[in-house]
Asker: 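Have a look at the structure that comes next, please.
Atoms within each ligand, like the ligands themselves, are counted from 1 in listed order. Along the sequence shown, the residues carry numbers beginning at 1.
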Amino acid sequence: MNASRPHALVLFVCVLLLTAFIDGFTAPVLASDPASATALVIHGGAGTIVKGQMTPELEEEYRLELEEALLAGQAILQSGGSSLDAVVAVIKILEDSPLFNAGKGAVFTAEGRNEMDAAIMDGATGKAGAVAFVTRVKNPITAARAVMDHTEHVMLAGAGADTFAVAQGLELAEAEYFHTDRRWKQLQEAQEKENTTTTGSLSHDTRKPYLGTVGALALDQQGRLAAATSTGGMTNKRFGRIGDTPIIGAGTWADASCAVSATGHGEYFIRFTVASDICARARYLGISVESAAQEVIFDVLPAAGGTGGVITLDDKGQISMPFNTEGMYRGFVHSDGDPTIQIYK
Ligand code: ASP
């Protein structure tokens with residue numbers, strides 16, 4: 001009887017210590033309530049955006065469009081919606097705008113067509129969907145999402161992808177819908193330039209000023225990351241050229257702790273698997289996603305001659321938006337904060 005008293009005391013002290021220990025770990029987590037923090041970051045393409053060549057009116061149009069997209073995505077995230085739904089809503093708004101090189105404002109191929117690429121990735125499940133050179137889907141990002149949600153595949157291309165979109169009942173558009181005079185003029189300029197130089201039609205030089213690929217990354221209240229990117233590709237492209245945008249790991253990537261959407265000279269982003277490399281560097285080197293993105297955008301790509309930029313988002317809501325071009329349309333919003341829009345350096 002007497003011998004059991006010290007044991008009971010030890011047990012009592014142990015329980016007290018254990019309770020304090022557990023409290024010490026759970027209290028700060030509950031206090032900061034990370035589950036309700038959301039983040040959204042978007043881009044509208046990187047490239048030559050010279051302030052002197054931009055009218056105040058046009059700049060305002062870009063800012064308003066980017067803000068509208070951010071607010072739409074923020075509303076979904078704030079009401080408890082998923083990061084996947086948020087990035088799709090954002091991209092659809094930008095695809096419907098003639099300002100960006102995606103959907104309505106897609107650039108023209110050498111044959112005068114609009115061939116669009118898009119991809120989406122769910123960081124929580126590792127699932128992904130993409131479409132390449134689709135010509136009939138009004139919002140290519142919806143086709144990418146349908147590939148992810150309703151097929152066992154990751155990427156569908158060309159006529160098959162268009163047929164899939166029809167079968168899925170997605171909204172379609174005629175070729176005229178994608179015709180904008182601005183993009184048509186850019187194609188004429190590119191082809192004139194091509195005829196007077198020896199650079200060849202796939203040269204990035206002929207499309208440099210025609211930026212406008214769109215991308216979005218979101219972190220929802222459940223801590224799930226998602227990434228989406230959509231583009232018309234490069235002006236004057238031919239031979240069924242596909243860029244980095246629909247290639248998972250090159251232009252679009254999301255995992256449990258890191259999401260990336262890219263814009264720039266796609267061939268370089270494919271060769272250096274830019275989007276997934278940024279997340280891999282962060283994880284394996286134990287550095288921030290922001291530092292990893294800076295290494296790739298300011299060291300790796302320029303060393304090879306690659307131009308462009310990325311947006312990144314981690315599972316803590318930390319964003320970064322590095323680019324090695326003159327400008328990148330970009331913006332972000334955290335939880336119920338106000339959106340921030342930036343264009344130049
Ligand atoms: N990365 C896109 C492509 O190469 C174009 C861009 O972002 O401007 O198709």
Asker: Mark up the atoms of ligand 1 that fall under 4.0 Å of a heavy atom belonging to Gly264, in ascending order.
Answerer: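 Contacts of ligand 1 toward Gly264, numbered from 1: 1 (N), 2 (C), 3 (C), 4 (O), 5 (C), 6 (C), 7 (O), 8 (O).
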
Asker: Assess, by modelled atom type and distance only, whether the side chains of Gln78 and Thr38 contain a donor and an acceptor separated by less than 3.5 Å.
Answerer: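 Per modelled atom types, Gln78 and Thr38 side chains form a pair under 3.5 Å.
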
Asker: Closer than 4.0 Å to some heavy atom of Thr213 - which atoms of ligand 1 meet that?
Answerer: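 The atoms of ligand 1 under 4.0 Å from a heavy atom of Thr213 are 2 (C), 5 (C), 6 (C), 7 (O), 8 (O).
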
Asker: Polar-atom distance check: Gly266 versus ligand 1, any N or O pair below 3.5 Å?
Answerer: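 Among all N and O atoms of Gly266, at least one is under 3.5 Å from an N or O of ligand 1.
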
Asker: Less than 3.5 Å apart, any donor N or O on the side chain of Asp162 or Thr135 sitting next to an acceptor on the other?
Answerer: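 A donor-acceptor contact under 3.5 Å links the two side chains.
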
Asker: For ligand 1, which atoms sit closer than 4.0 Å to a heavy atom of Thr263?
Answerer: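 It comes down to these atoms of ligand 1: 6 (C), 7 (O), 8 (O).
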
Asker: Any carboxylate oxygen within less than 4.0 angstrom of a Lys/Arg side-chain nitrogen, looking at Arg281 and Asp277?
Answerer: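 Yes, Arg281 and Asp277 are salt-bridged.
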
Asker: Kindly check if the number of other-residue, nucleotide or ligand heavy atoms within 6.0 Å of CZ (Arg113) is above 12?
Answerer: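 Atom CZ in Arg113 is not packed in, count stays at 12 or less.
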
Asker: Can you sort out which atoms of ligand 1 are near Asp244, meaning under 4.0 Å from one of its heavy atoms?
Answerer: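 Within the 4.0 Å cut-off of Asp244, ligand 1 contributes 1 (N), 2 (C), 3 (C), 4 (O).
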
Asker: Is the NZ or CZ atom of Arg271 positioned over Tyr268's six-membered ring, under 6.0 angstrom from the centre and within 45° of the axis?
Answerer: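 Ring-cation test returns yes.
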
Asker: With respect to atom 4 (O) of ligand 1, which of Glu267, His43, Arg241 exhibits the smallest heavy-atom separation?
Answerer: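 The option holding the nearest heavy atom is Arg241.
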
